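Let me begin by presenting the structure, written as structure tokens, before commenting on it.
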There are 4 protein chains.
Amino acid sequence: MTRGRPRDTAIEGRLLAAAAEELRRGGYEGLSIDRVAERAGVAKTTLYRRWASKAELVVALIASMREEIPFEPSDDPRGDLTTLVVTIAAGLSSTPTSLIADLAAASARDPRVGESVRALWADRHGAVTAVVAKAQQAGIVLSHVAPAVLVDQLVGPLYYRLLVTGEPLTPDYARTLMLSVLGPEESP
Amino acid sequence: MTRGRPRDTAIEGRLLAAAAEELRRGGYEGLSIDRVAERAGVAKTTLYRRWASKAELVVALIASMREEIPFEPSDDPRGDLTTLVVTIAAGLSSTPTSLIADLAAASARDPRVGESVRALWADRHGAVTAVVAKAQQAGIVLSHVAPAVLVDQLVGPLYYRLLVTGEPLTPDYARTLMLSVLGPEESP
Amino acid sequence: MTRGRPRDTAIEGRLLAAAAEELRRGGYEGLSIDRVAERAGVAKTTLYRRWASKAELVVALIASMREEIPFEPSDDPRGDLTTLVVTIAAGLSSTPTSLIADLAAASARDPRVGESVRALWADRHGAVTAVVAKAQQAGIVLSHVAPAVLVDQLVGPLYYRLLVTGEPLTPDYARTLMLSVLGPEESP
Amino acid sequence: MTRGRPRDTAIEGRLLAAAAEELRRGGYEGLSIDRVAERAGVAKTTLYRRWASKAELVVALIASMREEIPFEPSDDPRGDLTTLVVTIAAGLSSTPTSLIADLAAASARDPRVGESVRALWADRHGAVTAVVAKAQQAGIVLSHVAPAVLVDQLVGPLYYRLLVTGEPLTPDYARTLMLSVLGPEESP
DNA sequence: ATATAACCGAGACGGTACGTCAGGTCTTAGG
DNA sequence: CCTAAGACCTGACGTACCGTCTCGGTTATAT
């Protein structure tokens, strides 16, 4: 079925490592395909066989850098949600802002990149959505609005602060968001 | 004291106008210094005499793009807020997304650009904050969270959809946000 | 061993042809790298891959321009010499003066260019030298001076008029030179 | 008659000195008008008021660098001529070759420059012509050719060597030229 | 004494070219 | 079918230079 010389599996790792180093130094703009290939000791063609553009390379890079968020929903939707939002905020603020902005820009320019980038956030946001729905069913949360909207109001402000106002994403801020969206916890 | 030929004051305007048009079409990356100069009917050197790089040009451009949004608060904070959010959403969705993303990216890279860009949104967001504060005082809105956070939850989702999820910014969506944040209107 | 895509051999020719045309029109100063590349239907980088600067391009160009002048010595050295000098004069005056001057200037600046340029004239001057030597042996010409000096006195005035005094190089003038150097023809 | 503020006579000297230094370092191409003006502590306009172009500046510079050749014709045309040719050769070889070539090139491009440059050589060559004519009248030199042609054969080879073949201009060579043109001196 | 004309410094301006760099595609030889 | 190497195209970048121009301000001479 698959004939010919197989891909050297080690190459991908070397390329991503090289790209990571480049990204670390000069950001998205400072990342040069030529330099990445050279640093990895690989021909440019070999890189392009794996990712069709600089944007895709970076998407893959980010994807590889992201640690799986092992998330086990408990019986406490409110607690779960807080954990999730705090984790997302932490993840965002530990990534160079310009990178995230660049990914957004690349997404806006090229729909295919957009798809990849959205896939990048997908599981985090999916997890949030799931928990919010669960909370709604449990009656903890206002049910007169769609869960997607609540998610937007939990996660959107994080990106907003990051990309627009430039204010910091502290865990406290994340918890305040929770409070505002879910309302104060009822004392039993 | 030492003067020399004064700068042609009309040129700066023509350059910024040309740059604005370029930016509108192709975003930050698509803005070419050569084309800007040509479109303005000016030598490239004349442009570089004013701004030392593409980045500086864009900073100045953004600063110059800031338009006043005449907003007259009425006695109905809820109505005012809806108008504002819908207007902001309309403004955002009528601007090329990539441009907004590029501005965010440029902001993240260069603090000076960030300052300019934030100033760009300042009026609008300021108006929202003012009205939210007023609504809180009138008891229309939950008062257990800072007004700034409520603003984030009204405006943030707009940018989030625009830059991250790519979903459309309909007036309906804006109204739904309002509903979620302020709660359903009380029937008198 | 390490190959890569081979250079397109046709390109060099096209570039040199384009450069020759440019040189013919505007001399060294008028030769624009951008125009040469454009005329050759080639990217500027492709040109720079071959020659690192305008000067190097011109060196190569001159080297390539060297044409053979088929000259068959007869039994009549005096006639041969006249033919040669008249031909050289005609060649010189049909070439734009500024080009020749530019070549001289470039030669003076860069020894490598000088070498190329000298090689350019080599055949012609070599032929003159040969015939002069032959004429000396035949006793037609003064033998108390080295043939090289006589050649200088036949060819030098041509360049002198061209580059210094600006006077025209007529065939008559060439013949007058001959007469002065060889003396009047003896009537048999 | 001549109203207005008179030119500052010191400036011309400073400009020429600055230009000379520039020329010494980088040749004609390396001479930058801006730098000359700056080095002379003078505005560019002030320079252009004196010379209309870089070429004219250089012409004036050369003219200013040329020392008067005080030449007193004696009763010995042969000796006079030798002196003259040797002096000219010395003058030429003490000037950077590229400069002379550049002047020739500039002359070919611009007739006005040509005129200036020719004026530069005028008196030297005029002196040679005068002495040659005198020698012809005295019967020392072949009279079947115009004096101008003999001059060309004495002076032309100097420029030829300088600009074309690149061979050195030794006093010996100058004397050999003399010998060839005038013939061996008759022993009385 | 007061125009007036030409000077001077400073620097903007248009135009043209330079050489470099980046992203992406294509071509060849070899594994 | 992959890899390596590198040529190629497109297009932009920022710099340098030339020669012109437009200022404010400074001398001189001519009226």
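Convention: sequence-line order gives letters A, B, ...; per-chain numbering from 1. Remember, it's a predicted structure, so these values are computed and weren't measured experimentally.
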Strictly distance-based, threshold 3.5 Å: is any side-chain N or O of A:Asp102 a donor or acceptor partner for the main-chain N or O of B:Ala105?
no

Can we say B:Arg25 and B:Glu22 salt-bridge, meaning some charged N sits less than 4.0 Å from an Asp/Glu carboxylate O?
no

Please determine if a side-chain N or O atom of D:Thr46 lies less than 4.0 Å away from the OP1 or OP2 oxygen of E:dG9.
yes

What is the distance, to the nearest angstrom, from the CD atom on C:Glu56 to the P atom on E:dC18?
14 Å

Would the distance check show the side chain of A:Lys54 and the main-chain N or O of A:Leu31 forming a donor-acceptor pair, the cut-off being under 3.5 Å?
yes

Earlier contact from the 5' end, DNA chain F, for B:Leu31 and B:Pro6:
B:Leu31

Rounded to whole Å, how long is the line connecting atom CD of D:Glu29 with atom P of E:dC18?
11 Å

Counting the atoms with a prime plus P, OP1 and OP2 as sugar-phosphate, which does B:Arg49 contact under 4.0 Å by heavy atoms, base, sugar-phosphate, or nothing?
base

What integer distance in Å separates A:Trp51:CH2 from E:dG23:C1'?
16 Å

Quick one: CH2 on A:Trp121 to OG1 on B:Thr165, what's the gap to the nearest 0.5 Å?
12.5 Å

Run the side chain to side chain contact (heavy atoms under 4.5 Å, CB included) check on B:Leu103 and B:Tyr28 step by step: do they pass?
CA-CA 8 Å; B:Leu103 293 185; B:Tyr28 185 90; 6.0 Å; no

Establish, with yes or no, whether the OP1 or OP2 oxygen of E:dC13 is under 4.0 angstrom from a side-chain nitrogen or oxygen of B:Arg50.
yes

Quick check on contacts: within residues 8-22 of chain B, what sits under 4.0 Å from DNA chain E by heavy-atom distance?
B:Asp8, B:Ile11

Using the side chain to side chain contact (heavy atoms under 4.5 Å, CB included) rule, take A:Leu163 and A:Ile100 through it: C-alpha gap first, then chi angles, then the decisive distance, then the call.
CA-CA 8 Å; A:Leu163 300 177; A:Ile100 296 170; 4.2 Å; yes

Using modelled atom types and a 3.5 Å cut-off, is there a donor and acceptor pairing between side-chain atoms of A:Arg35 and backbone atoms of A:Gly30?
yes

Integer-rounded Å distance: F:dA5 P and C:Arg7 CZ
17 Å

Is there any protein nitrogen or oxygen under 3.5 Å from a nitrogen or oxygen in nucleotides 24-26 of chain E, and what are the pairs?
residue, atom, partner, partner atom, Å
E:dG24, OP2, A:Tyr48, OH, 3.0
E:dG24, OP2, A:Lys54, N, 3.1
E:dG24, N7, A:Lys44, NZ, 3.0
E:dG24, O6, A:Lys44, NZ, 2.6
E:dC26, O2, C:Arg5, NH1, 3.0

Check the phosphate of E:dC18 against C:Ser32, side-chain N and O only, distance under 4.0 Å to OP1 or OP2. Yes or no?
yes

Across the strands shown, which category fits D:Gly41 at heavy-atom distances under 4.0 angstrom: base, sugar-phosphate, nothing?
sugar-phosphate

Give me each pair satisfying side chain to side chain donor-acceptor pair (under 3.5 Å) with a member in residues 7-16 of chain B, each pair once, sequence neighbours excluded.
none

Select base, sugar-phosphate, or nothing to describe what B:Arg35 touches, counting heavy atoms under 4.0 Å on all strands.
sugar-phosphate

Is the side chain of D:Arg50 donor-acceptor paired with the backbone N or O of D:Thr46 at a distance under 3.5 Å, no angle test?
yes

May I have the distance from C:Leu47 (atom CG) to E:dT20 (atom C1'), rounded to whole angstrom?
14 Å

